[in-house]
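Below is one structure, written out as structure tokens; the observations come after it.
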Amino acid sequence: MLKVQDLITHYSGSQALFGVDLEIEQGQVVTLLGRNGMGKTTTINTIIGIVPATSGSVSFDGVELVGRPSFKNANLGIGLVPEGRQIFPNLSLRENLVATASNHLKVAEPWTLEGVFSLFPELKERLTSMGNLLSGGEQQMLAIGRALMTNPKLLVLDEATEGLAPLVRKKIWQAIAQIRGQGVSILVVDKNLKDLLRIADRNFIIERGKIVWSGSSQQLRDDKDALHRHLGV
Amino acid sequence: AKEVKVGFVTTLTTGGAVLGKAQKNAVNLAIEHMGGKMGDLDINLIFADDGVKPETGKQATDKLVKQDNVDFVAGYIWSHVLLASRKSVLDAGKFLISANAGPSPIAGKLCHENFFSTSWQNDQTPMAMGEVLNQQGVKSLYIMSPNYAAGKNMVAGVERTFKGKVLGKDFTKWPGQLDFSAELAKAKASGADGLFVFYPGKAGGAFIKQYQQAGMKDVMPLYTVFTVDGISLPKFQAGNLEGVMGSRVTQHWDPTLDNAQNKRFVADYKTKYGNYPAFYAAQAYDSMFLIKSAVEAVGGDLTNMDGMRTAMKSANYESVRGKYTYGNNHMPIQNFYLREVVKDSEGAWTTKIVKTVFENHQDPYAKDCPLK
Amino acid sequence: MEPLLSISGLTKSFGGVNATNDVNLDVSQNEVHAIIGPNGAGKTTLISQLCGTLKPDAGSIAFEGRDITSTPAYKRARLGITRSFQITSLLSAMSVIENVTLAVQARNKHSFRFIRAAHKIAYLRDEAMLALEKVGLADRQDDNTAELSHGEHRQMEIALALATNARLMLLDEPMAGLGPTESEKMIDILRGLKSTHTILLIEHDMDAVFALADRISVLVYGQIIATGTPDEIRSNVAVRHAYLGDE
Amino acid sequence: MNRKQTVTLAVMVALAVMPPLFVWTGNAFYLDLATRLVILAIAAVSLNLLLGYGGMASFGHAAFIGIGAYAVGIPAYHNTYGEFELIASYNGFFQVFLAVAITALFALITGVICLRTKGVYFIMITMAFAQMVFYLFVSLDVYGGDDGLVIDTRSEFPLINLDNPLHLYFLSFASLTAVMLIVRTITRSQFGKVLQGAMGNEERMIALGYNTFAYKLTAYVISGAMCGYAGALLGNFTTFISPEMMGWTRSGELMFMVILGGAGSTIGPIVGSGLFVLVEELFSSYTIYWHLPFGIMLILVVLLFRGGLLGLISGNSKSGGH
Amino acid sequence: MDFTLLFIQTINGLQLGLLLFLVASGLTLVFGILDFVNLAHGSIYMFGAFICASLTFFLGNFLWAVLIALPIVAIIGYLIERTIVQSLYARNHLDHVLGTFGLILVLDTLAHLIWGPAGIAVPLPQWLNGRVEIFEGVVIPTFRLLIIATGSGVALGLLWLVNYTRLGMLIRAGASNRTMVSALGIDIQLLFGLVFALGATLAGLAGMLIAPITEASIGMGGEIIITAFVVIIIGGIGSIKGAFIAAIIVGLIDTLGRSFLDTLFKLVMSIEAAESSAPAISAMLIYILMAAILAFKPQGLFPPKVR
Ligand SMILES: Nc1ncnc2c1ncn2[C@@H]1O[C@H](COP(=O)(O)OP(=O)(O)OP(=O)(O)O)[C@@H](O)[C@H]1O
Ligand SMILES: Nc1ncnc2c1ncn2[C@@H]1O[C@H](COP(=O)(O)OP(=O)(O)OP(=O)(O)O)[C@@H](O)[C@H]1O
Ligand SMILES: [Mg+2]
Ligand SMILES: [Mg+2]
């Protein structure tokens with residue numbers, strides 16, 4: 001479904017990605033692991049088109065994404081929960097969810113406000129609060145809800161559980177499993193290795209802008225050396 | 001061939017360029033009428049733009065004086081530009097000829113032997129209007145004018161001669177205020193016999209429109225100075241502002257003045273540029289002939305400053321306003337006329353002279369000038 | 001011993017939300033006191049009131065026995081209270097080292113020093129480097145802050161707090177955004193501060209909390225529902241239900 | 001030596017040697033132009049302290065220039081025409097002191113109010129105060145109102161004679177160099193770093209313990225006073241002052257000089273004011289429609305070079321402001 | 001005090017306020033929402049006036065001219081956005097200021113080249129040129145009533161658009177975070193282009209409505225732009241409601257100041273002093289007002305909830 005080949009990205013001068021290869025199948029949960037500053041976010045942002053790729057290819061359902069504006073890529077069915085939440089501060093919580101909601105793929109049962117609120121009941125009480133006045137965790141939930149409201153078939157979560165209470169985190173993992181059940185693929189970056197490995201089908205480890213390891217969760221648990229060398233655990 | 005270099009500083013950019021363009025046209029026409037020569041000398045004319053800013057005007061003047069080394073600097077529509085530039089010209093020992101601006105200091109304590117005016121001192125025109133108001137039996141007056149130096153001069157001028165009662169005065173924000181609804185409402189409420197205003201340039205157009213839209217024409221007759229002129233009238237006509245028809249203005253000159261020089265000027269200006277010349281143009285046209293009289297009087301010897309000065313002082317040239325003389329401060333002593341807005345034979349809006357208000361009128365500041 | 005920080009009756013509400021509701025809390029010298037609680041419970045709001053960016057509706061705050069409830073934020077910082085931001089707040093137009101240098105420089109009484117070039121003042125730079133080394137950003141000292149990754153920004157956030165050398169550090173989720181490795185390291189750093197500093201730690205990372213905290217307070221809906229040692233809290237049924245959610 | 005320093009040196013050397021050459025080759029007008037340029041550059045450099053290093057885009061700096069110029073003109077006027085004996089004087093030191101003191105005081109008072117605001121609000125409130133000064137002088141009939149005030153006698157100093165254009169030029173040039181050095185020193189000092197920090201993220205600086213308001217106010221007063229000094233020079237140069245000099249368009253021009261050259265660098269504002277003055281002179285001598293190419297040039301500079309012309313020269317695209 | 005006069009002046013103030021609102025609304029839209037400082041807003045206002053003036057003479061009817069001029073101005077606005085503004089969003093405000101100042105010079109000179117320096121007086125159809133007697137002694141020019149109506153209509157329309165439509169949400173979202181809006185599937189470029197064009201259209205409309213009162217002239221943009229900024233600053237940047245209320249306040253204060261300040265001053269000082277200080281103070285009035293409001297509310301009367 002998503003196939004990234006030899007992706008190279010530069011930030012004004014300095015190179016951040018040195019040829020990333022990565023693949024996601026329909027309905028899979030795939031993780032991208034790596035220490036801080038290794039290029040996880042850059043990979044994600046390049047896939048979507050927020051950061052322009054220098055070279056390489058990203059094909060999504062047979063469409064080449066590199067070189068296209070990000071809104072077109074998003075409309076193919078990629079939903080992003082960006083690093084650092086990035087909710088719209090000057091929109092109310094409800095507006096944040098509604099403003100960019102869409103159903104380009106004509107999903108039969110699209111996400112609704114109620115759907116999001118049943119996932120995060122906390123949000124319901126803050127319906128009219130401005131985005132910037134929400135607590136860090138509330139913002140994070142909102143960012144996930146906002147991505148869901150675009151009814152994606154590939155959900156990309158960049159540190160989507162940062163700042164969430166343990167209970168909520170747990171709920172999110174459950175939700176992910178549930179969404180996957182509906183045929184949605186998921187690319188996830190997160191620090192909670194234990195939780196991730198429990199739900200992931202496939203894991204990629206990135207180091208200095210290159211994929212240095214990939215394999216199933218069981219393989220990774222067993223590969224103590226890789227865990228230690230690339231992730232320091 | 002030898003040449004006489006003349007710098008002409010006027011406004012060529014911004015909205016004020018309408019006035020500058022009229023002056024430039026008139027100066028070019030004057031040169032044409034002279035056949036490009038003053039005596040035996042070729043005329044080398046350099047126009048410079050002041051952008052309605054004193055600093056820009058001064059810089060342009062400096063360039064004319066220091067870089068182009070002109071013999072005469074003429075022009076200057078705006079008082080503040082003239083005041084800022086004055087020292088540059090006079091300190092360099094050149095002649096300075098104002099073709100419009102006439103602020104009081106220049107007629108009084110800042111007067112200078114090398115300065116001449118082909119226009120008027122600010123107070124004179126409104127003084128004539130004050131006299132007109134007396135003659136017409138206007139007992140009470142409402143006054144409106146922009147809140148800047150020339151505006152205050154105008155008001156002071158009319159108050160000098162007007163004998164009735166001033167019921168109210170509004171000094172409006174300048175520049176920038178073009179909506180006069182509040183002031184017009186006040187004027188109307190005052191119940192005065194007449195309304196005196198001074199709104200030069202585009203403020204004049206705006207004022208006249210609103211005067212008409214407010215329906216004041218039948219209630220309170222309008223008396224203006226420097227508001228209705230050859231530049232604004234065609235615009236009023238195009239905009240169908242009948243309200244201005246019949247309104248009264250005073251001026252030292254009119255296109256209908258009966259002398260040969262004026263007839264040629266007005267006729268050729270109309271043919272060449274398609275409309276009646278405004279007073280700005282008339283004064284600019286005169287300034288060239290004043291210079292010509294000086295150059296010819298000394299036989300082209302431009303180092304003979306005294307000779308040229310004496311010649312100019314005698315005002316011995318064909319002025320479009322007819323004969324006039326110079327006071328000790330080198331401001332014209334001249335007639336002022338009452339003019340009325342009328343349609344000409346072809347239906348174009350213009351003015352005609354109703355009568356002479358002042359004969360050989362001298363400005364009130366001449367006594368402050370140490371020159372004899 | 002008198003507590004370093006003493007909070008009593010602190011109340012703040014936004015419209016209908018009681019973000020902190022009659023909070024009473026003492027933090028003693030050289031203690032790591034963790035505050036945990038669900039999202040939106042009012043933890044950040046509490047910190048903002050302690051450091052002076054938010055004005056409480058009621059209640060008082062005393063630092064070293066002295067009432068600072070209405071002391072402006074910058075003065076509190078001078079007294080020795082520093083904070084880190086949950087949502088990273090750095091000088092992104094400056095280099096990494098410049099950021100930290102400014103934090104070191106803040107230890108001075110004032111910075112109305114106009115003559116000497118700041119980058120030539122050795123101790124400022126040395127101290128700044130020390131802080132950067134601690135968080136592992138020493139090799140990025142000359143980079144532009146905007147060019148660092150999210151996790152690196154989080155590390156800088158802590159470096160700044162460390163560099164002020166304040167006696168009381170209010171740390172708002174210092175582990176957030178850090179990878180597993182980096183988190184481990186951060187726990188070590190904070191542990192190292194224990195002997196010299198007092199820390200009020202807000203954190204959702206329970207491993208860190210249980211590894212570091214001397215005492216833990218649980219904040220729910222703006223109210224402290226429990227305070228105790230890590231073991232007491234771990235076994236508190238209400239806390240497990242409202243927050244931890246395990247089992 | 002990096003490119004920026006090379007440019008700085010080249011510009012300063014050119015400013016030091018060219019003007020006397022103009023005089024010897026009989027191009028006195030270009031000496032005038034250079035003097036104008038240098039004086040405006042002083043104002044631009046002082047504005048840059050605020051704008052480039054403090055993120056305070058003052059849109060009212062022309063008022064400081066105007067007040068500075070009137071501080072020369074008014075004492076001279078009274079010395080010539082009497083009244084107000086207390087301040088009547090041609091003494092240059094007195095006039096400059098007056099210019100600097102009054103502008104500093106004005107900056108202090110208005111700064112306390114203006115600095116409560118930020119960003120565009122700051123731009124507008126500084127403009128508001130400048131407009132008040134503008135209308136104040138427009139209606140001050142004693143000093144000519146909008147017709148302005150002619151300065152018959154320039155400031156008198158021992159040894160130097162400001163009626164001599166070269167003396168005036170070199171006084172201005174020396175002042176520019178001094179002001180540049182002052183700004184450069186300040187911005188690299190601890191004070192300067194705090195100022196730049198406050199520009200970047202005020203909340204963070206407060207959390208670190210800085211009373212950012214006091215630092216910003218100090219910078220505002222320093223900048224205002226330097227601009228007042230530039231005004232005193234300008235008054236001596238034009239020998240004429242009018243409220244027009246403090247209109248918002250002039251404040252805007254100053255701002256453009258800084259941005260055009262490159263905010264937040266020592267030489268930027270000088271390059272900017274140089275370009276502004278020279279291009280204006282050059283273009284306007286060709287056509288009265290010179291604003292058209294001038295405007296296109298400004299647009300192109302903004303579109304193509306980040307951080308003004310200096311961004312082009314030094315090859316980095318760091319931009320100042322907010 | 002004369003209450004009829006007070007009433008008339010209040011209506012005059014209202015009318016001036018609504019006219020200011022028309023200019024300011026486009027500015028606050030572009031500034032508050034696109035976070036773009038458009039100094040050239042005034043020049044577009046001027047273009048609106050000139051285009052409409054020319055069309056009035058060409059078509060012989062003012063209203064038709066307005067209807068045709070509006071889309072023309074919108075297209076001009078859109079083109080300006082595409083060519084220049086678009087690449088400046090990501091820059092800081094000062095770059096906007098410099099770039100749009102350049103644009104002012106270009107547009108004003110173009111206007112000078114196209115229409116000459118003279119300015120154009122715009123004739124009104126007879127039915128708009130008259131006056132309406134509201135009640136005994138209170139007569140208002142018809143056209144000014146039209147301005148009041150248009151200004152109020154635009155205010156309501158904008159409030160609805162920005163606050164209650166999804167388009168409005170997207171516009172606001174785009175203002176705070178372009179990248180994210182785009183990453184969530186919205187063509188932000190197009191959206192911004194349209195908003196800019198709308199802002200330009202509003203500026204143009206204001207120019208068209210002022211032209212029959214004053215005239216279309218070079219430099220009219222520079223005269224209005226500062227006042228328009230004062231209005232949106234007092235109101236709080238980006239707030240349509242704020243701009244509306246501030247415009248009315250400024251209109252009223254300015255008009256009433258001009259009308260009654262001298263009378264007021266004469267109560268406490270000599271006639272001489274009153275006559276010379278009243279105009280000075282009334283010219284400063286809106287600036288004093290702005291400074292005073294900002295001193296107490298540094299982000300205007302209705303600060304954006306976020307920025
Ligand atoms: N300025 C404000 N105006 C209105 N409501 C606010 C404001 N700041 C915070 N809130 C609300 O107050 C509550 C407490 O917020 P706070 O940020 O303190 O939570 P928190 O405990 O830090 O949560 P988290 O763990 O998610 O960061 C939240 O519901 C939030 O929406
Ligand atoms: N805007 C930028 N300009 C220049 N360099 C950047 C920029 N953003 C990131 N980088 C650099 O690119 C590298 C990869 O950054 P990236 O954000 O992709 O890391 P990451 O793996 O997501 O890290 P983290 O876990 O901290 O979020 C880092 O070294 C970072 O410094
Ligand atoms: Mg990342
Ligand atoms: Mg929080």
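All values below were derived from every heavy atom in this structure, side-chain atoms included, with hydrogens, water molecules and symmetry-related copies excluded. A note on names: the letters A, B, ... follow the listed sequences, proteins ahead of strands, and every chain is numbered from 1.
Neither the backbone nor the side chain of Phe22(D) comes within contact range of chain B; no heavy atom of the residue lies under 4.5 Å from a heavy atom of that chain. Within the 4.5 angstrom heavy-atom criterion, no atom of Val81(B) approaches chain D. With a threshold of 4.5 angstrom between heavy atoms, Tyr81(D) approaches chain B through side-chain atoms but not through N, CA, C or O. Using a 4.5 Å cut-off between heavy atoms, Leu234(D) contacts chain B through its side chain alone, with no backbone atom that close. Heavy atoms closer than 4.5 Å to chain B are found in both the backbone and the side chain of Thr238(D). For a residue to count as touching a neighbouring chain, one of its non-hydrogen atoms must lie under 4.5 Å from one of that chain's; by this rule Thr13(B) touches chain D with the side chain only. At a 4.5 Å heavy-atom cutoff, the contact between Asn27(D) and chain B is made by backbone and side-chain atoms alike. With a 4.5 angstrom heavy-atom cutoff, Leu33(D) touches chain B only via side-chain atoms. Interface remark: Leu82(B) contributes no atoms to any contact with chain D (heavy atom separation under 4.5 Å).
The shortest distance between side-chain heavy atoms of Glu55(B) and Glu244(D) does not fall below 4.5 Å. Side-chain contact between Tyr30(D) and Lys66(B) is absent, with no heavy-atom pair separated by less than 4.5 Å.
For the pair Asp62(B) and Phe29(D), the tightest heavy-atom approach, listed with the atom from each and the gap, is C-CD1, 3.8 Å. Ser285(D) and Lys63(B) get closest at one heavy-atom pair: CB-NZ, 3.6 Å. The minimum heavy-atom distance linking Asp146(D) with Ala149(B) is given by the pair OD1-N, 2.7 Å.
Taking the salt bridge (charged side-chain N to carboxylate O under 4.0 Å, His left out) definition, one finds that Asp368(B) meets it with nothing, sequence neighbours left out.
To the nearest 0.5 Å, atoms CG (Asp163(D)) and CG (Asp91(B)) are separated by 8.5 Å. The structure places OG of Ser242(D) at 12.5 Å from NZ of Lys58(B), a figure rounded to the nearest 0.5 Å. Residue Lys21(B) holds its NZ atom at 9.0 Å from CD1 of Ile288(D), rounded to the nearest 0.5 Å.
Within residues 126-142 of chain D, the residues having any heavy atom closer than 4.5 Å to a heavy atom of chain B are Tyr135(D), Val138(D), Ser139(D), Asp141(D), listed by residue number.
Highest contact tally toward chain D, considering only Lys87(B), Gln59(B), Lys53(B), is held by Gln59(B) [criterion: heavy-atom pairs under 4.5 Å].
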